[in-house]
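A quick write-up on the structure given underneath.
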There are 2 protein chains.
Amino acid sequence: MLSERQMMILRAVVRDFTNTGVPVGSKALAKQLPIHVSSATIRNEMAALEELGLIKKTHSSSGRIPSVEGYRYYVDHLVKPDPLRPNDMDVIQSSLGGDFHKIDEIISQSATILSNLTSYTAFTLKPELKDSRLSGFRLVPLGKRQVMAILVTDSGDVENQTFDVNESVTGDQLEAVVRLINDQLVGLTLPEVVKKLQADIPMKIANYLQSPQGFLDIFGDVLTRAAQERFYVGGRLNLLNFSQDSDVDSLKSLYSLIDKTDDIANVLGRPDDKISVQIGNEMTNDALRNFSLITATYDVNQHGRGMIAILGPTRMPYSRMLGIVGAFREELAKKLLDYYRFYDE
Amino acid sequence: MLSERQMMILRAVVRDFTNTGVPVGSKALAKQLPIHVSSATIRNEMAALEELGLIKKTHSSSGRIPSVEGYRYYVDHLVKPDPLRPNDMDVIQSSLGGDFHKIDEIISQSATILSNLTSYTAFTLKPELKDSRLSGFRLVPLGKRQVMAILVTDSGDVENQTFDVNESVTGDQLEAVVRLINDQLVGLTLPEVVKKLQADIPMKIANYLQSPQGFLDIFGDVLTRAAQERFYVGGRLNLLNFSQDSDVDSLKSLYSLIDKTDDIANVLGRPDDKISVQIGNEMTNDALRNFSLITATYDVNQHGRGMIAILGPTRMPYSRMLGIVGAFREELAKKLLDYYRFYDE
DNA sequence: TTTTAGCACTCAAACAATACAAGTGCTAAG
DNA sequence: CTTAGCACTTGTATTGTTTGAGTGCTAAAA
């Protein structure tokens, strides 16, 4: 259990260090703190905090910087989200103010806004209806040899893909295939569809197409794309700002990470009401060692819940970031509710 | 006009420097060259080459490196494309060997292959039928409130977009709009379509929809996407390898550049039979100062011509790269001809 | 018991001095 | 025209020095 004064010092160390990036020493603290004590006293307290593992030195005679545990304590007990700057609120409202014709535009735009506000990298995920089901499948002939496959789920996700077919395939055959899919698979959850697709569907399709494999590839492809949650990413390039000592390899693995849907889903975790902060190596992924991730859900009632997140250096101004994330999730939820209200009835 | 010996020296300087990255001095050259002359002689020749602006020193007593003009001379007169390594040919053939269901897959895969072979960044552009025309437009209702707009051009490009509509819009209205578009716009070139879209179409559509703006936005959006050439990019991350002194700003502008279709189209230029090399500041764009770009067209007869390109450091092994690009464009053309042959009749 | 002044000590960063290696241009002789 | 020889230039690496910020510890003051 920390004393009041220790808390005050820890808070000041984190604040100072996240602002300046320079290890903070006892004298600077003594000058800055509201209480009047000498630097020697501060030193004693800092030694105690170091003993507890909350702060550490970069070398034997340097000032202190927070350890991961120190950030953790700060985030859990000491920080208070900053109120949003008026200007930031203007940015949010004007960027979300326009007319949108699809959910995805709003969500994708949100990632951009968040990255602009923070100058970090932002992720957004649209509201998810869990266990979404296949609600429709179409094959639309587009020309002599092109066909578009469209798959719709009951959560409103649409995936499509065009492909070329041999002219020997007739419209009747295509229709038969569509009918088969719709009869057999509509209403099932996507994992169930995948299962059936590996089991009895191929044989049935073989009745209508000589070489069903090509078609099955396409359908499977569209299906897996639909089954994946898709994150939007904003401010990718901002990661470059924090590549300390220009370590190309870790940058590369970082970028590979954020472009792999599965991996990033893993890191972000599941929706959960709180705003949560993961710091440095609290995330198992090694590429994220020097980063922190703030995730939050937003709630659009019966339309489900989505997520937003920002990824920045461990040394980020948490109070400001928490303020931004907190405010943004509310604005986004409002916007989406407006949107649904307009299109739903 | 250079003497034989000067050419030999220039060639050796470029070879050596592109291999090692170290400025090359007279002694090293004397040892390496097939003729037997002393380093002093080489020095005299190098002084002459420097006088001509083909090579330069990094500081007053350093070895020489090629200037942009030196690379230019080398590329124009001295280089001979390396024959492809057997292993590289295997990579190409196996990567292009699979079954593809659309042109874009082949082209996109090509960018990946090229970037793997070279460990640089690669661009590919599919064969273009110039002046492509609008050949069809569809609106496909997907559910209660979702509609997909699909636009097809006679060059086989397909663009689509889903959007949400208010339920007050009826299927009849949509059909009327589709008929209008197809009657008035099909057969025109895309620029003509754009023009008409700004002129008389909005009024006509207003007969069927109360608020045509939303629809016009969507259509316009899909249209401009279709009108743009779309490049595929492979090996984006490889750019990180050449960010000398980790200059974050120039990296950022580089990445912004390659993600802007218009800009990159500008840099790559127009199709042209030769394999062409642009070196360093021969490209007007400042972000490319330390890069070279090798572009080539490939030709698929009546199906038009496309482009491939690789972007790497000015200091790249040109002979090997020219070999790869030359071989790859042939393999790609073959693959595409096969593809068209299969799907065309 | 807590706080504080004082002091010796540590370390990174900046700077200067030095030596070294690689390379150059120039001159004079072959 | 070529070459050996030599004085000269410059980047790099190494080493030592100084400076300043910061620390821990001790002993006295509160």
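Taking all atoms of both residues into account, the shortest heavy-atom contact from Leu237(B) to Lys252(A) is O-CE, 3.6 Å. Scanning all heavy atoms of the two residues, the minimum distance from Pro313(A) to Tyr120(A) falls at CD-CE2, 3.4 Å. Summarising the geometry of Ser292(A) relative to Gly280(A), their closest heavy-atom pair is OG-N, 3.8 Å, with the distance given to 0.1 Å. Smallest separation of non-hydrogen atoms from Ala309(A) and Leu293(A): CB-CD1, 4.2 Å. Residues Phe291(A) and Met283(A) come closest through the heavy atom pair O-CE, 3.3 Å.
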(message) Within the 4.0 Å limit for protein heavy atoms, which parts of nucleotides 20-30 of chain C are touched? Write it as a string from 5' to 3', B for base, S for sugar-phosphate only, - for none.
(response) --BBBB-----
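From one end of the helix from dT1(C)-dA30(D) to dG30(C)-dC1(D) to the other, with five pairs defining each end axis, the axis direction shifts by 20° (rounded to 10°).
With a 6.0 Å radius and a threshold of 12 heavy atoms from other residues, nucleotides or ligands, His59(A) has its NE2 atom above the threshold. Within a 6.0 Å radius of NZ in Lys27(A), other residues, nucleotides and ligands contribute 12 heavy atoms or fewer.
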Could you go over nucleotides 14-19 of chain C and give all protein N or O partners under 3.5 Å, atom names and distances?
none

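A straight line from CG of Leu29(A) to C1' of dA21(D) spans 13 Å, rounded to a whole angstrom. Spacing between atom CD of Glu4(B) and atom P of dC1(D) amounts to 17 Å, rounded to whole angstrom units. Rounded to a whole Å, the CD1 atom of Ile35(A) is 15 Å from the P atom of dT2(C). Taking atom CZ of Arg5(A) as the reference point, atom C1' of dT2(C) lies 8 Å away to the nearest angstrom. Note: NZ (Lys56(B)) to C1' (dT10(D)) measures 18 Å, nearest angstrom. Counting to the nearest Å, the C1' atom of dT3(C) and the CD1 atom of Ile9(A) are 13 Å from each other.
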(request) Starting from the C-alpha separation in whole Å, work towards a yes-or-no answer on salt bridge (charged side-chain N to carboxylate O under 4.0 Å, His left out) for Arg236(A) and Asp259(B). (result) CA-CA 12 Å; Arg236(A) 275 195 165 70; Asp259(B) 281 329; over 6 Å; no
(request) Might you work through the salt bridge (charged side-chain N to carboxylate O under 4.0 Å, His left out) test for Arg289(B) and Asp286(B), ending with a clear yes or no? (result) CA-CA 5 Å; Arg289(B) 203 164 359 117; Asp286(B) 208 46; 3.6 Å; yes
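Nearest-nucleotide positions on DNA chain D for His59(B) and Glu45(B) put Glu45(B) closer to the 5' end.
The aromatic rings of Tyr318(B) and Tyr71(B) are tilted relative to each other, their planes meeting at an angle between 30° and 60°.
Side-chain contact of Ser253(A) with Ser250(A): a donor-acceptor pair under 3.5 Å is absent, judged by distance alone.
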